[in-house]
Amino acid sequence: MRNHTPITTFILVGLTDDPQLQILLFIFLLITYMLSAVGNLTIIILTFVDAHLKTAMYYFLQNFSFLEISFTSTCVPRFLYNIATGDRTINFSACMSQLFFTDLFGVVEFYLLAAMSYDRYVAICKPLHYMTIMNPMVCKKLLYGCWIITLLIIIPPFSYLLTMEFCDSKIDYVVCDANPLLKISCFDTEVIEKMVLFCSSFILLVTLTFVVWSYGSIIRTILRFPSAQQKKKAFSTCSSHLIVVSISYGSCIFIYIKPSAKDEMATNKVASVFITSISPMLNPFIYTLRNKQVKNAFKDFLKPLLSLRPQRFHRG
């Protein structure tokens, strides 16, 4: 048996060592992070203050925006700090915390997207019973279910990972993630690799199947509508959510499309930056620009602020 000192500090290799690219990357990440935080926070505030946004759809959207802020905040600030200071070290506790919370918020998002697709299914396919089916209690149960299922799925492999020892301190990635950590483990990783693969596949297949079923039913219902105006209105109520679903699942699936073993890690790094920065930034703008109720709520929210005029002081 080999004697070795347990590694308690890791080094995040990051995306690039080029100083000029690092400056551009820092500016890019800072702008996208600020836009993401402001955009999602705006949606949260609007759904709290506007009486027209008290339906199930906006309840889920409010929680989705919270998850987006939480998810990007677990990754981007640390990445910005690493670039700004040149200090790429991260201790074991911070690394494991980042891994746990990125997985937690990310997986809950997928289940919440599935719940939101069910909400759209009820709104289009069972409009007369919408308020009865999607009552506040049902919405809360669906939300709690998303969190409980996620915890049950991610805790077993995460607990297993906590017991592992590592033979190298360099994590060839932009954040602490399971796959890069497994590559530097001293243990036989076959069991946990299978656990991670099973959990990832289960999450993706279950939620995506539910989303596809919901939108398959929605499309069949819409095509039976007699007028083009009804069809257009029905599609418009789902378009924002469908775009967000496409971005979320598309970027996630992209990670598993590896052109070659050589380019695997580089591809995953770029995809990771997209998922943690661009995707959370786009979602609030998609819902704001493509949703008339959100746009009207935003205008109503701004009216009192825009109506304020600087007071003029006259000489006595």
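Just the heavy atoms: all of them, side chains too, but no hydrogens, waters or symmetry mates, feed the values below. This is a predicted model, so every value here is computed, not measured. In this chain, numbering begins with 1 at the start of the sequence shown.
A distance below 6.0 Å separates the ring centres of F166 and F10. W147 and Y144 have their aromatic ring centers separated by at least 6.0 angstrom. Checked against a 6.0 Å centroid threshold, the rings of Y215 and H241 count as neighbours. The ring of Y249 has its center closer than 6.0 angstrom to the ring center of F110.
The closest donor-acceptor contact from the side chain of Q230 to the backbone of F225 lies at 3.5 Å or more, if one exists at all. The closest donor-acceptor contact from the side chain of S73 to the backbone of S70 lies at 3.5 Å or more, if one exists at all. With K54 contributing its side chain and T47 its backbone, the two residues share a donor-acceptor pair below 3.5 Å. Checked by atom type and distance alone, the side chain of D119 never pairs as donor or acceptor with a backbone atom of A115 at under 3.5 Å. Under a 3.5 Å cut-off, the side chain of R120 and the backbone N or O of C238 do not form any donor-acceptor pair. N40 contributes a side-chain N or O that, together with a main-chain N or O of S36, makes up a donor-acceptor pair within less than 3.5 Å. When atom types are taken as modelled, the side chain of T32 and the backbone of L29 share a donor-acceptor pair closer than 3.5 angstrom. For N82 (side chain) and G14 (main-chain N/O), no donor-acceptor pair under 3.5 Å exists by modelled atom type.
L15 places none of its side-chain heavy atoms less than 4.5 Å from the side chain of Q22. Counting heavy atoms from C-beta outward, F26 and L21 have side chains that stay 4.5 Å or more apart.
Shown here are the salt bridge (charged side-chain N to carboxylate O under 4.0 Å, His left out) partners of D188, two or more places apart in sequence or in another chain: there are none.
D177 and K183 are not joined by a salt bridge, as no carboxylate oxygen comes within less than 4.0 angstrom of a charged side-chain nitrogen.
Counting heavy-atom neighbours within 6.0 Å of K126 NZ, excluding the residue itself, gives a total of 12 or less.
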